[in-house]
Amino acid sequence: MGKIISFANQKGGVGKTTSAVNIAASLGVLGYNTLLVDLDPQGNATSGVGIAKKSLQYTIKDVLMGKISAPEAVIKTEFQKLSLIPSNMSLAGTEFDLLQDDSPEPWAAMKNAFLPLKAEYDYIIIDCPPALGMLTMNSLSASDGVVIPMQCEFYALEGLSQLMITISKIKAHYNNSLAVTGILLTMYTNRLLLTQQVKNELKKHYAGKLFETSISRGVKLSEAPGFGLPVYYHDKKSKGATEYLAVANELSTRI
Ligand code: ADP
Ligand code: MG
């Protein structure tokens with residue numbers, strides 16, 4: 001059975017989408033049959049793998065609202081072993097629609113819809129929106145693991161403890177198989193003292209959860225989405241490509 005992994009952090013701009021896209025592509029390169037799911041109305045993961053947001057026939061919204069089955073929403077990308085369930089602005093009202101629906105379990109729409117996907121893929125990577133609303137709740141309720149991308153800032157530590165509380169609540173009430181797969185440091189610059197301090201705090205409080213590899217700040221990573229390419233296909237030799245492959249490898253040993 002495949003593993004479903006949410007990439008979540010209620011803070012925006014911390015590297016969720018960059019990590020979800022590049023880890024999903026790296027898992028494909030490593031030979032795993034991988035599905036990337038864009039769960040953000042911004043649709044950045046969709047355009048990040050070269051799919052035009054405007055011309056979509058179906059999106060994740062249609063799956064969550066029960067209009068089509070999840071396999072029907074899957075698009076093949078041009079990259080090795082990587083498929084996508086896309087998103088665009090139409091997802092924006094879906095949190096409200098899920099609550100309006102008569103379903104007694106609005107947080108379980110994804111869990112139920114994704115069951116047929118688990119047999120088909122080794123990894124299903126979900127790029128969550130920057131909020132702890134009904135979409136992220138659906139994602140965490142459906143997931144086996146959660147990866148938390150974060151920047152090395154002091155405030156990030158406060159956000160992290162908040163997120164950890166939310167994760168334990170979801171685990172207790174909705175999904176007891178949910179586990180934190182790992183915390184991933186993004187946009188890392190080794191030179192800063194603050195970076196080292198934050199890293200040490202993380203090691204102290206979340207021993208064993210921090211990925212061995214951190215993702216350095218790099219221009220190739222920030223320019224690749226503009227070409228609709230994961231960084232491996234933009235510049236195989238770049239630091240970003242090497243580091244994301246290493247993290248994907250580590251992830252595959254953790255879950
Ligand atoms: P989120 O999905 O959490 O909002 P993104 O992945 O979209 O965050 O990243 C926010 C911005 O930072 C984007 O412009 C992205 O290209 C850039 N970025 C992310 N990771 C890196 C990195 N390692 N080096 C340079 N730029 C990065
Ligand atoms: Mg994002």
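Every heavy atom of this structure was used, including side-chain atoms; hydrogens, water molecules and symmetry mates were not. For clarity, every value in this text was computed on a predicted model and none was experimentally measured. One is the number of the first residue; the rest follow in order along the sequence. Both ligands and their constituent atoms are indexed starting at 1 by order of listing.
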- Check whether any side-chain heavy atom of I4 sits under 4.5 Å from a side-chain heavy atom of I126, and report yes or no. yes
- Message: Please state which option from A8, G15, A20, G12 has its nearest heavy atom closest to atom 8 (O) of ligand 1.
- Response: G15
- Message: Can you tell me if P130 contacts ligand 1 (heavy atom of the residue under 4.0 Å from the ligand)?
- Response: no
- Message: Considering both backbone and side-chain atoms of T17, is one of its nitrogen or oxygen atoms within less than 3.5 Å of a nitrogen or oxygen in ligand 1?
- Response: yes
- Answer whether the closest heavy-atom distance between the side chains of I148 and I167 falls below 4.5 Å. yes
- Query: Does any N or O atom in K11 lie less than 3.5 angstrom from one in ligand 1, N or O only?
  - Reply: no
- Item | Interfacing atoms of ligand 1 (cut-off 4.0 Å, heavy-atom, V14) | 1 (P), 3 (O), 8 (O)
- Message: Does only the side chain of S216 get under 4.0 Å from ligand 1, or the backbone, or both, or neither? Count heavy atoms.
- Response: backbone
- Should L221 be counted as touching ligand 1, given the test is an N or O pair under 3.5 Å? no
- Item | Salt bridge present between K61 and D97 (N-O < 4.0 angstrom) | yes
- Query: Do S214 and E243 have side-chain atoms, one donor and one acceptor, less than 3.5 Å apart?
  - Reply: no
- Query: Does the side chain of S69 pick up a donor-acceptor pair with the side chain of E72 at under 3.5 Å?
  - Reply: yes
- Message: Taking 2.8 Å as the cut-off, does T17 contribute an N, O or S atom near the Mg ion (ligand 2), distance below it?
- Response: yes
- Applying a strict 4.0 Å limit to heavy atoms, is P225 in contact with ligand 1? no
- Message: Contact between ligand 1 and I215 is defined here as a heavy atom of the residue under 4.0 Å from a ligand atom; is it met?
- Response: yes
- Note on the structure: Shortest non-hydrogen pair, Y174 vs S141, comes out as CB-OG, 3.8 Å
- Query: Any chance the side chains of S177 and D144 put a donor and an acceptor closer than 3.5 Å?
  - Reply: no
- Task: Say whether T59 and N88, considering side chains only, have a donor N or O and an acceptor N or O under 3.5 Å apart.
- Result: no
- Quick one: which of M187, K239, Q42, E223 has a heavy atom closest to atom 21 (C) of ligand 1? M187
- Does the D62 side chain pair with the main chain of K67, one donor and one acceptor, at a distance under 3.5 Å? no
- Does atom 14 (O) of ligand 1 have any protein heavy atom closer than 4.0 Å? no
- Query: Do any nitrogen or oxygen atoms of T18 come within less than 3.5 Å of a nitrogen or oxygen of ligand 1?
  - Reply: yes
- Per atom 16 (O) of ligand 1, closest listed option by heavy atom (P129, S222, S214, G48): S222
- Query: Do any non-hydrogen protein atoms sit less than 4.0 Å from atom 25 (C) of ligand 1?
  - Reply: yes
- Taking the six-membered ring for Trp and the single ring otherwise, decide whether the centroids of Y244 and Y232 are under 6.0 Å apart. no
- Message: Among all the protein's non-hydrogen atoms, which is closest to atom 4 (O) of ligand 1, and how far away is it?
- Response: G13 N, 2.7 Å
